[in-house]
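Down below is the structure, laid out as structure tokens.
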Amino acid sequence: MINTMNQQPVLTPDEIRRQKTLGALKKQLRDASDLPGFSRTINIVQKNVSSVRTNVNTLTDDILEDFALTNKILKTVNTASYASTHKSGKISTITRAIFVLGFDAVRNAAISMMILEDMENQSLATDVKDSAIMSMMSGNIARDLAARIGIRNAEEAFVCTMFHDLGKMLTTFYLPQQAEIIKKAIRRGKDETSASFAELGISFEELGAYMGKEWHFSDSVLNSMRKIPKDAAILKPSSNDEQLRNLANFASELCAIINETGAAPNIEELTKLITRYENSFPISVEVIAEILETSLEEMAGYSEEFKAKLDQSPFIAKLTAVLENVQIDDTLEYETISPADSIMADVNSLLEAEDDDGLSEEEEVHTEVDKKKQRMRAEEILLKGIENITKSMLGNKSFDELLRMILDIMYRALGFSRVMFAIKSPKSPIVIGRYGFGNDIDYFIRNFQFAIDRSSDDVFNAVLEQGSDVIIRSIHDPRVSASIPEWYKRLARVETFLLFSVTVERKSIGLIYADKPSAGDIDIPNELQKHLKTLRDQVILAIKHSQKKG
């Protein structure tokens, strides 16, 4: 009689391949030396990816455990790409890097360093290097796009997108023979999921999710690994995680289209991709080209520091060809904003009900720009933007659309961390955030609120009362620190910001706010300040224009 209790379950061929794949991958991760360095930095992501508020000391200690890793991260945060955002001199400690750049940026610098260091390894095959480059590019694309559409944490989009194709990346890096077999099967017409399952006993997507759970990745990252079927409709996301997943899929698909293109860009495929995701984030081919160009510039800055030879990358060559051939229209095009309640409705309520004092203007700090090239680029964006807004006012653009365009121009031209429009509530004596771009913008808008108090000497009430424009170069300056309210310090956690009043027919209805992280970061020469104020005046003109149309 057979003792069935001691019988082992019979494994199918697929299950045998699956176990073999997982065993081989885990062994490679344990033993990797000259292969890519995922195993060395994965602990940082594993311990810290689940919460953007993890204790700073935890991240610092994790990094400092590895002297080589510490030096690499400090080298990364002092590259031109990062340095241009903080302008606070050379960063020499991990603690200061976290303080100046933020928790997420330093964590992401560690991931970027890992990828870039891998590209220095000349023994790696071209396909492996290109996989690393595409992974990093897709992360950069998602982060830039997230900031433009107001995602609460743009840095989280970077992490989620970097690991979107984790299963494919791990196979390419650590199981190159199997990866080549899968690649040949795809060339013969098999879809990626079927090809990877046939060879590995597990699909790329399932493999990534399995390893992500092993490493205790956050639900946001795991959810972003889920592929959206090519024929599936993209609905308006109902949560932050859904939007992050959409961003990760979009950036990955965009890079795939570029990688499959010839000398000329496949505009038809780009247009299809944009149309497919329009319910999640309306965007144009022109804006995509801008994002790609920015991401390529960031990669070039990194590669110069890390001696990663991007000119040998087939993907970068194709991306460069796409950017050279895409003709960017001179007119900025934006889809209609559809907030629950039009901002213009509140504007009209305020103008009908409120009687305010006259407008007075106050000129602030006039200093020379540190880098002539940056000043010229900022001036070019501002002047072109002013021209485009003027043209758009002659068309059928709504106030909400014009406001979005104006804030986006300010955001891109001066590299602000956040730009936001805040308005007086027509129902209560408070000012609330309504729309903007930048870091944690959804959270920031929801929590930007202060009571209107004409007797208060805080800077926000002063700007409203006097109709003035103010640049606060440092909130720690003894001359102004008393006028910075505590609610703002807790919310913004920045050291410098500016406020432009929005006054219509002698009635103060709100303000435009912009900030940067560190004291002295907002150093705008007089000419550029005038352009910014022209854009503010265009907001006022747009309000009047909308009233006439209404």
Side-chain angles (χ1 to χ4, degrees), residues 52-53 56 85-88 98-105 147 150-155 343 346 350 362 364-365 407 410-411 414-425 428-503 508-524 529 532 536 539:
V52 298
R53 298 289 175 252
V56 168
T85 65
H86 60 76
K87 296 181 182 177
S88 59
I98 296 173
F99 175 77
V100 172
L101 297 174
F103 182 93
D104 292 311
I151 286 288
R152 183 181 61 195
N153 189 346
E155 293 292 341
I343 298 173
D346 284 352
L350 288 166
E362 175 183 326
E364 287 292 333
V365 183
L407 296 183
M410 290 181 171
Y411 178 67
L414 279 304
F416 290 117
S417 295
R418 282 181 290 253
V419 175
M420 182 194 68
F421 177 69
I423 189 170
K424 289 182 177 180
S425 169
S428 307
I430 59 173
V431 173
I432 56 176
R434 283 303 304 267
Y435 186 78
F437 293 92
N439 298 339
D440 297 331
I441 195 63
D442 285 348
Y443 173 84
F444 191 79
I445 288 172
R446 284 198 305 272
N447 292 278
F448 187 97
Q449 179 176 308
F450 64 92
I452 298 171
D453 182 0
R454 294 192 174 192
S455 65
S456 172
D457 59 358
D458 77 69
V459 65
F460 296 93
N461 273 288
V463 166
L464 287 175
E465 181 68 11
Q466 299 169 18
S468 58
D469 304 324
V470 174
I471 296 177
I472 302 297
R473 298 189 67 192
S474 172
I475 64 172
H476 305 301
D477 187 327
R479 295 171 295 180
V480 299
S481 59
S483 68
I484 311 299
E486 286 300 318
W487 68 264
Y488 171 76
K489 294 177 183 177
R490 291 192 299 270
L491 171 63
R493 298 186 181 278
V494 297
E495 297 179 342
T496 181
F497 63 93
L498 65 79
L499 299 171
F500 287 162
S501 64
V502 177
T503 304
S508 178
I509 66 166
L511 52 85
I512 293 173
Y513 166 94
D515 67 28
K516 287 191 177 184
S518 303
D521 280 356
I522 299 180
D523 187 11
I524 308 173
Q529 286 190 42
L532 286 175
R536 180 274 310 277
V539 171

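No experiment lies behind these values; they were computed from the predicted model shown.
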ask   = Is there a donor-acceptor pair closer than 3.5 Å between any side-chain N or O of Arg418 and the backbone N or O of Gly438?
value = no

inquiry  = A cation-pi test, strictly: NZ or CZ of Arg434 under 6.0 Å from the centre of the six-membered ring of Phe421 and no more than 45 degrees from its axis. Yes or no?
reply    = no

Ring pair (Phe, Tyr, Trp, His ring centres under 6.0 Å) involving Phe416 - partner list, sequence neighbours excluded = none

ask   = Mind checking what makes side-chain hydrogen bond (donor to acceptor under 3.5 Å, both in side chains) contact with Asp458, not counting sequence neighbours?
value = Ser456, Asn461

task = Could you check if a side-chain atom of Pro485 sits within less than 4.5 angstrom of a side-chain atom of Phe450, using non-hydrogen atoms only?
result = no

query = Mind checking what makes side chain to side chain contact (heavy atoms under 4.5 Å, CB included) contact with Ser481, not counting sequence neighbours?
reply = none

query = Looking at residues at least two apart in the chain, or sitting in another chain, which of them share a side-chain hydrogen bond (donor to acceptor under 3.5 Å, both in side chains) with Tyr488?
reply = Tyr513

ask   = Between Val480 and Ile472, what is the shortest heavy-atom contact and its length?
value = CG2-CG2, 4.2 Å

ask   = Measuring from Phe497:CZ to Ile475:CD1, what's the distance to the nearest 0.5 Å?
value = 7.5 Å

message = Any non-hydrogen side-chain atom of Val539 less than 4.5 Å from a side-chain atom of Leu407?
response = no

key: Pair Met410-Leu532, side chain to side chain contact (heavy atoms under 4.5 Å, CB included): steps then yes or no   = CA-CA 7 Å; Met410 290 181 171; Leu532 286 175; 3.8 Å; yes

ask   = Lys516 side chain to Leu414 main-chain N or O, any donor-acceptor pair under 3.5 Å?
value = yes

task = State whether the side chain of Ser501 and the backbone N or O of Thr503 hold a donor-acceptor pair below 3.5 Å, judged by distance alone.
result = no

task = Starting from the C-alpha separation in whole Å, work towards a yes-or-no answer on side chain to side chain contact (heavy atoms under 4.5 Å, CB included) for Ile452 and Ile430.
result = CA-CA 5 Å; Ile452 298 171; Ile430 59 173; 5.6 Å; no

ask   = Quick one: does Ser518's side chain have a donor or acceptor within less than 3.5 Å of a partner on Asp521's backbone?
value = no

message = Run the side chain to side chain contact (heavy atoms under 4.5 Å, CB included) test against Ile445 and tell me which residues pass, sequence neighbours left out.
response = Met420, Ile441

message = Check Arg536 with Asp469, please: is the shortest side-chain N to carboxylate O separation under 4.0 Å?
response = yes

remark   = When rounded to the nearest 0.5 Å, the distance separating CD of Glu495 from CD1 of Ile522 is 11.5 Å

message = Quick check for you: to the nearest 0.5 Å, what is the distance between Phe500 atom CZ and Gln529 atom CD?
response = 6.5 Å

task = Could you check Ile484 against Val459 for side chain to side chain contact (heavy atoms under 4.5 Å, CB included), going step by step and ending with a plain yes or no?
result = CA-CA 6 Å; Ile484 311 299; Val459 65; 4.1 Å; yes

key: Side-chain (Ser508) to main-chain (Leu464) donor-acceptor, under 3.5 angstrom   = yes

task = Side-chain contact test, heavy atoms from C-beta onward, threshold under 4.5 Å: evaluate it for Asn447 versus Arg490 and give yes or no.
result = no

message = I want to check something: taking the side chain as every heavy atom from C-beta on, are Leu499 and Ile512 in contact at a cut-off of under 4.5 Å?
response = no

note = Interatomic distance, CG@Asp515 vs OG1@Thr496, rounded to 0.5 Å, equals 8.5 Å

query = Once the angle between the rings of Phe444 and Phe448 is folded into 0 to 90°, is it parallel (under 30°), tilted (30 to 60°) or perpendicular (over 60°)?
reply = tilted

note = For Arg479, the side-chain hydrogen bond (donor to acceptor under 3.5 Å, both in side chains) test, sequence neighbours excluded, returns Asp477

